[in-house]
Each structure stands twice: as structure tokens, then as C-alpha cells.
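Here is the structure we will look at.
As the structure is a computational prediction, the values presented were derived from the model and not from experiment. A, B, ... follow the sequence lines: proteins, then strands. Residue 1 opens every chain.
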Protein chains: 2
Amino acid sequence: MNKTKKERLTNAGWKTGTVAEFLHLTAEEELYVELKASLSQQLKRRREQSHLTQEELARMLKSSQSRIAKMEKGDPSVSIDLLIKSLLALGTTRREIAKAIT
Amino acid sequence: MNKTKKERLTNAGWKTGTVAEFLHLTAEEELYVELKASLSQQLKRRREQSHLTQEELARMLKSSQSRIAKMEKGDPSVSIDLLIKSLLALGTTRREIAKAIT
DNA sequence: AGATTGTATGTCATTTCTGACATAGATGCA
DNA sequence: TGCATCTATGTCAGAAATGACATACAATCT
């Protein structure tokens with residue numbers, strides 16, 4: 001965003017900044033959300049590489065299509081625990097999980 | 001364990017093997033438990049390096065001494081989520097967390 | 001247009017996790 | 001010995017996550 005646009009928005013009463021600021025996240029919360037997002041993306045990649053639909057993966061994991069969708073979207077209702085268990089079930093190694101987190 | 005001892009135990013009716021086998025864990029469950037144990041150890045290391053007691057850390061995290069103890073012991077009742085949130089609160093970077101997981 | 005396939009989103013009963021508390025080790029010190 | 005400090009373990013009410021379901025959305029067909 002260039003300076004001019006920012007000034008225009010600010011003058012018009014808008015606040016500018018990061019998503020984290022907008023959502024009032026602390027530094028730690030932001031790191032947590034980002035870390036979770038990385039795992040979400042990794043899960044989606046692995047599923048697509050395996051040519052599985054969300055429904056097929058759900059059956060494999062004894063979960064549901066809607067929960068898989070939420071996992072891949074980084075929905076607040078899904079835990080890192082579930083993401084990691086899912087990745088492990090898909091054959092992801094610790095090293096690969098670590099790489100995704102970095 | 002040397003061969004002789006294993007034979008003795010086996011002959012006496014004991015089964016030998018890994019903890020995972022004893023607890024009837026699947027391969028994925030075993031990986032999950034190991035990964036969690038790594039984070040537990042990392043948390044304990046960081047706390048001790050910071051010269052904090054469990055009680056002090058508990059106050060910092062708005063948790064309780066007993067939960068910190070359970071975290072560091074890898075108790076089944078604690079989630080990876082809580083471990084990661086705690087590590088982040090202690091200033092651990094994503095890179096360091098990734099390293100611990102590897 | 002309608003039909004099919006795959007993904008997203010809202011809701012909810014049940015399950016699991018969490019902080020808090022009590023209390024039991026464990027270690028050191030007077 | 002008793003006393004203080006730190007850690008471990010069991011329990012439980014309240015909070016959060018889970019799978020399941022319905023349904024909406026999107027893309028691709030005939």
C-alpha cells in the first residue's frame with residue numbers, strides 16, 4: 001500500500017494495518033494462527049497430491065467432510081492436534097511437519 | 001536389553017518390546033506421542049533456562065502449576081495446542097519449535 | 001436449464017481439554 | 001525432627017473441540 005492511499009483511507013476514518021491488528025491479536029496469537037495456517041496448507045497439499053476428495057480423506061480419518069474443509073481453511077474450531085494427527089495419518093514424517101512449521 | 005535377559009523374561013511369561021507395543025499404539029499414535037514428548041521436553045528446558053518455577057510460569061500463562069507439570073510430563077490430558085501456545089508465550093520461535101519436532 | 005461432484009459454512013449433542021483445587025512426593029535446610 | 005519449596009497426581013465443573021448433519025456455493029457437464 002502506498003503512502004497516498006494510506007493517507008486517504010486514514011483521513012476517511014479507516015484504520016490500516018495487518019490482519020492481526022485488525023483482529024486484535026497479540027504477537028503470540030498471531031504466531032499461533034500463522035503456524036496453524038502452515039499446517040492447514042500442508043494438509044491440503046498432501047490431500048491433493050494423493051488425489052483424494054475431502055470426503056475420502058474424512059473416511060480415512062474417521063472424521064467428516066465438513067471438518068476436513070474447516071481444517072484446510074484454518075477454522076478457529078480446529079486444533080493443531082487434529083491437523084498433526086491428520087498429517088501423520090497421511091504418512092507425513094516429523095521432518096516434513098517440522099519443515100512446514102519453519 | 002541383552003539376549004540373555006530377554007530370554008529369561010520371555011520364558012517367564014513376559015512379553016518384551018517397545019512401550020508402543022505394550023500400550024497397543026498404532027504407528028501414527030506412536031508418532032503423535034513422540035512428537036508431543038519432544039515439545040514437552042522443550043518446554044521444560046525453556047522454563048528451567050528462564051529460572052522459573054512451574055508456579056511462576058503458570059501465572060504467566062494464566063494456567064495452573066498442575067497443568068504445567070502435566071505438560072512437562074506429556075500427560076495424555078494435554079494437547080499439542082497448549083504446548084505450542086506455551087512455547088510461543090515463552091518466546092520460542094517457529095524455527096526452534098520446528099527444530100524440536102524434527 | 002438441470003444434474004453431478006466437490007468444497008464451504010452453520011448448528012448442535014457428545015467428547016475432550018482446561019484451570020483450579022487438594023494432596024502427595026521429593027529435596028534441602030535449620 | 002519439622003518446615004519450606006518445588007513438582008507430581010487425582011478429581012471435577014466449565015470451556016472448547018469434534019463428528020455428524022443440513023445446506024449453500026462453485027464448477028463442470030449433458
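- In plain terms, the two heavy atoms of A:D81 and B:I80 that are nearest each other are OD1-N, 2.8 Å.
- Between B:D81 and B:D75, the residue anchored nearer the 5' end of DNA chain D, judged by the nucleotide with its closest heavy atom, is B:D75.
- A:K70 comes within contact range of at least one nucleobase, with a heavy-atom separation under 4.0 Å.
- In this structure, the NZ atom of B:K85 is 15 Å from the P atom of D:dA15, given to the nearest Å.
- Summarising the geometry, the separation between NE2 on B:H51 and P on D:dT7 is reported as 13 Å, rounded to the nearest angstrom.
- When the nucleotides D:dA8, C:dC17, D:dT18 are ranked by their closest atom to the side chain of B:Q54, D:dA8 comes out on top.
- Here A:R47 reaches the OP1 or OP2 of C:dT7: one of its side-chain N or O atoms lies under 4.0 Å away.
- Counting non-hydrogen atoms under 4.0 angstrom, B:S64 reaches a base of the nucleic acid.
- Atom CG in B:L43 sits about 12 Å away from atom P in D:dA8, given to the nearest Å.
- Atom CZ of A:R67 and atom P of C:dA13 are 16 Å apart (whole Å).
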Run the side-chain contact (heavy atoms from CB on, under 4.5 Å) test on B:S38 and A:R94 for me, step by step, so that the C-alpha distance in whole Å, both residues' side-chain angles and the decisive distance to 0.1 Å come before the verdict.
CA-CA 11 Å; B:S38 301; A:R94 285 174 61 146; 2.8 Å; yes
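- As rounded to whole Å, 12 Å separates atom C1' of D:dT7 from atom CD1 of B:I68.
- Ranking D:dA8, C:dC21, C:dT9 by closeness to the B:S66 side chain, first place goes to C:dC21.
- Straight-line distance from the CD atom of B:E55 to the P atom of D:dT5: 11 Å, rounded to whole Å.
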Before you tell me yes or no, could you show the steps for A:R47 and A:Q54 under side-chain contact (heavy atoms from CB on, under 4.5 Å), namely the whole-Å CA-CA distance, both residues' side-chain angles and the distance that decides it to 0.1 Å?
CA-CA 8 Å; A:R47 179 179 63 79; A:Q54 291 183 346; 3.6 Å; yes
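- Nucleic acid contact for A:L82: sugar-phosphate only, since backbone atoms but no base atoms lie under 4.0 Å from a heavy atom of the residue.
- A sub-4.0 Å separation between OP1 or OP2 of D:dC6 and a side-chain N or O of B:T53 is absent.
- Using a 4.5 Å heavy-atom threshold, the side chains of A:E34 and A:L31 count as touching.
- As rounded to whole Å, 12 Å separates atom P of C:dA20 from atom CE of B:M71.
- A heavy-atom distance below 4.5 Å is found between the side chains of B:L82 and B:R67.
- The side chain of A:K73 approaches C:dA8 more closely than any other nucleotide in the set D:dT18, D:dA8, C:dA8.
- Among C:dT18, C:dT9, D:dA8, the nucleotide with an atom closest to any side-chain atom of B:E72 is D:dA8.
- Nearest nucleotide to the side chain of A:Q65, out of D:dA8, D:dT18, C:dA8: C:dA8.
- A:R59 has its CZ atom 15 Å from the C1' atom of C:dT7, to the nearest Å.
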